[in-house]
Structures are given as structure tokens and as C-alpha cells.
There are 2 protein chains.
Amino acid sequence: MGSDATDQPRRSRRERPAKPALSRDGIVATAVGIMRSEGLAKVTMRRLAQELDTGPASLYVYVANTAELHAAILDELLEPLRAEDGGDWRERLEGLLTSYTTTLFAHPGLARAALVIQPSGAHYLRLVESLLALLDEGGIPPAQAAWGVDLLLQYTTATAAEQATRDQSADTQAVWDSLTDTLHGTSDRTHPHIADLATRLVSGTAEQRMSWGIATLINGIRATPVPTGDAPDRRDRV
Amino acid sequence: MGSDATDQPRRSRRERPAKPALSRDGIVATAVGIMRSEGLAKVTMRRLAQELDTGPASLYVYVANTAELHAAILDELLEPLRAEDGGDWRERLEGLLTSYTTTLFAHPGLARAALVIQPSGAHYLRLVESLLALLDEGGIPPAQAAWGVDLLLQYTTATAAEQATRDQSADTQAVWDSLTDTLHGTSDRTHPHIADLATRLVSGTAEQRMSWGIATLINGIRATPVPTGDAPDRRDRV
DNA sequence: ACCTGAACACCGTTCAAGT
DNA sequence: ACCTGAACACCGTTCAAGT
């Protein structure tokens, strides 16, 4: 009983489980799959089309371009993100931002895409909502929270983008060594401050830096009022 | 008299002013030229080779890869950056960071490269030195200044990367409108904080946001001590 | 309306062979 | 040592033509 062509009269089966109809959701889901197994760099229109057993042109019926596709992938990855229940608002805020960063870390290259596209998917909005709720709980004035949430997300996204890229490249250690050497070798006369702080400039683990960075941002956001007056919209729209 | 073969016995001239010898500096200078006139996206190994009248393989004698080339271009652009003379240290710090951002703004795409590569050229080091001097002048504790300078440069670089990309794309307005609509259309019940702050989330000009962001970072850096103890090197090297 | 083959106009990087 | 032609293994996007 090696064959199973019983109730499906004619149609090439096996290999592919009956080519499913194309849909935006199906395309995004397949894209996520490729990214998880091979990284974002492999998620190209051509490769994706191949996976879906069609030509690249077909995808443009559902996705405007590669950037939009990457935005959709990102939002999909944010699905499991949720703030913890117990604890101090600061701890929960740091926890939520850390899981956001961890998510981006796990998928090198997506963080860079996130910096370049303006995410606006459902899961991203939920993340923003959670962050605003925590800042509110911490008594941060609304205007500062509104601008601050941008700062917090930008910081974590940019950090993930940097870190992810560096981990990816094979010669990270070499680059690092040469930077350390450059800093320590800097002349005391031309660059006194760098020479003085050489060790401190590169001290700390990524986790320590991130934790300090988030605390620094929160302290800054709390302490810095936004300019008063009816500030115009960023696009000068009324 | 269509020919002009007078005092140069044999050698195809005209068109190209006698092909110069390749050198790293020449390659970088040519790359900067292409970037200024056509944008970073056009600075490819192939295009650069064509400009230098050779094949792409020849460039690999002087430049390890495209990322290294972009790093070299960035450093070249930082050459004219200098802190102003007069005024408050805060104003001069903001001024210097603003000219850094303006430089990246003027060349869309380079900011993104700056986030991905660890800059370490001579002009970048001078910028770091200037920032450390200003933070020192402002009485920021050395350990906080050392970590803070990273935060300030990351913030400005990431902001430029975001802004540059968005200005570049033709349908910026459409994306913006749809984001605004999304925010304002967000249900009061599912996303109460977003609904409440919708206007504030998108308020302010890019300049106002940047200025507030820098002030926020400085306040945070001043207020947040770095973890004590002999913190290990970021790479655990002793 | 949805889908597609084929084409247009490109990429980075390597390598064996030359000078 | 430096330079190169040619190749390998790819890209995103468009468009006319089909169903």
C-alpha cells in the first residue's frame, strides 16, 4: 500500500500537499517559516515564490513590496509578547522591553527592518498600549509618556539591530579587538578623554548596558517636560 | 580635424584623464562622490569599479567588503564636524549632535549603515572625544559619561536612519495618514491609552522631538549611576 | 480578478589566471 | 604583489498575456 490515490481522481499529489490558494496570511506565514529556519536574508520574493510554488510576480497581488512583507513578519513575531502580572511597574516595563528585544535578537536582521519601517500592526499596537499603561501606572505625565514610548522602543530596537548584526558576522572578535586596541592606543595628547575612559567605554555586558539604558531613559522621561503650547503635528497637518 | 592625437604618442586618452593607480583613499573618495550625487544605494562594488575603470574584483585588494566601504564613507563625512566655541555646554552638546544628525540626514541610507557597523575611523573618534569633553564640562560622572556617549550617538543615528528612510519613500504621506487613522480609530475599549493619547503620540516636529530626546537622555545619564563593581568587559576579556 | 512566464536591470564575492 | 575576466549564485520589480 505505497500509494494513497484513493478519493482524489486526478491531480499531481505527493511532494506538495495540494497547492493551496494564495492569500496574504498564507504568504506571511510562509515568510515567517523561512525566516525562522534560515534567517531574514533568505526571505526574498523569489525564494518565497518558490516555496509557494509560483512565480515572484504573483506575490505582488498581496504584498506591495519587500518592506511591507518584513513589517508583516515583524508583527507576527510580536504575537506572544505580554507584560508580566506581578511586581513593580519598572520591573514589568523592563521585562516587557527585554522580551521585545529578545524577540528581535532571535531573528537577526529583523531589528534593522523595524527601524526602517514604521510598524503599525495589531501586535505592535498592543505592545505600545501595554507600555503606555505601565508608564501611566508609574505616574509619568501623559505628554511625556506619549513621546517617551517612542524613545523606549527606538532604543531597544536599535540595540537589537546593532547586537544582532555583530553576532552574525564571523569576525566579531577581530572587530572588537581592533576597537579596543584603537581606544587604548589613542594618544593621551590628542584624545585625553578617550584615553582616560578607554576601559569604561567598553565595560559591562550587553544585559547590564541594556538595563542601565532603560533606567536612564525612564529617569529622563520622568524628568523632562515636553515643550508646551499646541505643538503642531509632525507633518504639519491640522 | 576630428582627431586630436597630437602629443601623446600612444594610449587611448580623452574621456578618462589617464587612469590613476588604485588606492584605498582613491576608492573611498570615488565612493563618496557617487554617494553625494546619486545616494548610497548606488555605491555598489560593481558601480564603483566601473567608475574606476576596472572590474569589481580589483576593489577587494583594498576593501574587505561593502560594509567596510560604507564605514569608510561615513568617517569621511564626519570630517567637518566640530563643537562650537561659545555657549553653555548643553547647547554645544546639542549643537554637535544636531550637526552629526544633519550630516546623516543629508545622505539617506548612511545612517542605517552606521547602526550596523561599529564606526572607528579617525573622525568618529574625534567626535566621541568632543562629546566626552562636553559631558565632562557638564560635570557628568566619568562612568556615566562613558556609557552615555554611546546612548547619545545611538539615539541620533537611529533617528536619522528612521527619518531618512521615510523621507526617501514616495508614499510617506500615505503611510503617515494611515498611521494617524489607525491611532485615532483605535478602540477606546481595547486600547484606552492609545485612544487617549492619539494626538500626543504624533505631535511635535522632528526638531522638537530631537531636542527633547537629547535633553531627556542628558537628564537620564546625569541621574542614573552605572552598576558598581569591576564590571567585566563586554566580551569577557580580561 | 487573479495569476504567471519572461524579461529588465541589476547585485556581492570568489577564483584561476595573468602581469 | 597587484590586478583582472569570467563565473557563480543570486536579487526586486514590471508587464503583457493568459485564465
Quick one: [X] [atom1] to [N] [atom2], roughly how many Å, whole number?
X: R24(B); N: dC2(D); atom1: CZ; atom2: P; result: 14 Å
X: Y62(B); N: dA1(D); atom1: OH; atom2: P; result: 13 Å
X: R47(B); N: dC10(C); atom1: CZ; atom2: P; result: 10 Å
X: L52(B); N: dT4(D); atom1: CG; atom2: C1'; result: 14 Å
X: E38(B); N: dC11(C); atom1: CD; atom2: P; result: 11 Å
X: N65(A); N: dT14(D); atom1: CG; atom2: C1'; result: 14 Å
X: I34(A); N: dC11(D); atom1: CD1; atom2: P; result: 10 Å
X: L48(A); N: dC11(D); atom1: CG; atom2: P; result: 11 Å

Which dot-bracket string fits DNA chain D when only Watson-Crick or G-U wobble pairs with both atom distances under 3.5 Å count, crossing pairs get [ ], and | stands for a partner on a different strand? ||.|||||...|||||.||
Out of curiosity, S130(A) OG to H193(B) NE2, how far, rounded to the nearest 0.5 Å? 10.0 Å
Correct closest heavy-atom pair for T157(A) and A111(A) would be CG2-O, 3.5 Å
Heavy atoms only, 4.0 Å cut-off, all strands: where does T66(B) land among base, sugar-phosphate and nothing? sugar-phosphate
So what does T44(B) hit on the nucleic acid, given a heavy-atom distance under 4.0 Å: a base, only sugar-phosphate, or nothing? sugar-phosphate
The nucleotide from dC2(C), dT14(C), dT4(C) with an atom nearest the side chain of A57(B) is dT14(C)
Is any side-chain N of the basic residue among E162(B) and R112(B) closer than 4.0 Å to the acidic one's carboxylate O? no
Can you tell me if E79(A) uses its side chain to pair, donor with acceptor, with the backbone of E76(A) under 3.5 Å? no
Heavy-atom distance under 4.5 Å between the side chains of V149(B) and L201(A), does that happen here? yes
Does the side chain of E207(B) come within less than 4.5 Å of W212(B)'s, by heavy atoms? no
Per nearest nucleotide of DNA chain D, the residue lying toward the 5' end, L22(B) or R46(B), is L22(B)
Counting only side-chain N and O atoms of S58(A), is one of them less than 4.0 Å from OP1 or OP2 of dT4(C)? yes
Distance between C1' atoms of dA9(D) and dC10(C) (Å, rounded): 14 Å
Residues pairing under side-chain hydrogen bond (donor to acceptor under 3.5 Å, both in side chains) where one sits in residues 29-44 of chain B, two or more places apart or in two chains, turn out to be E38(B)-R47(B)
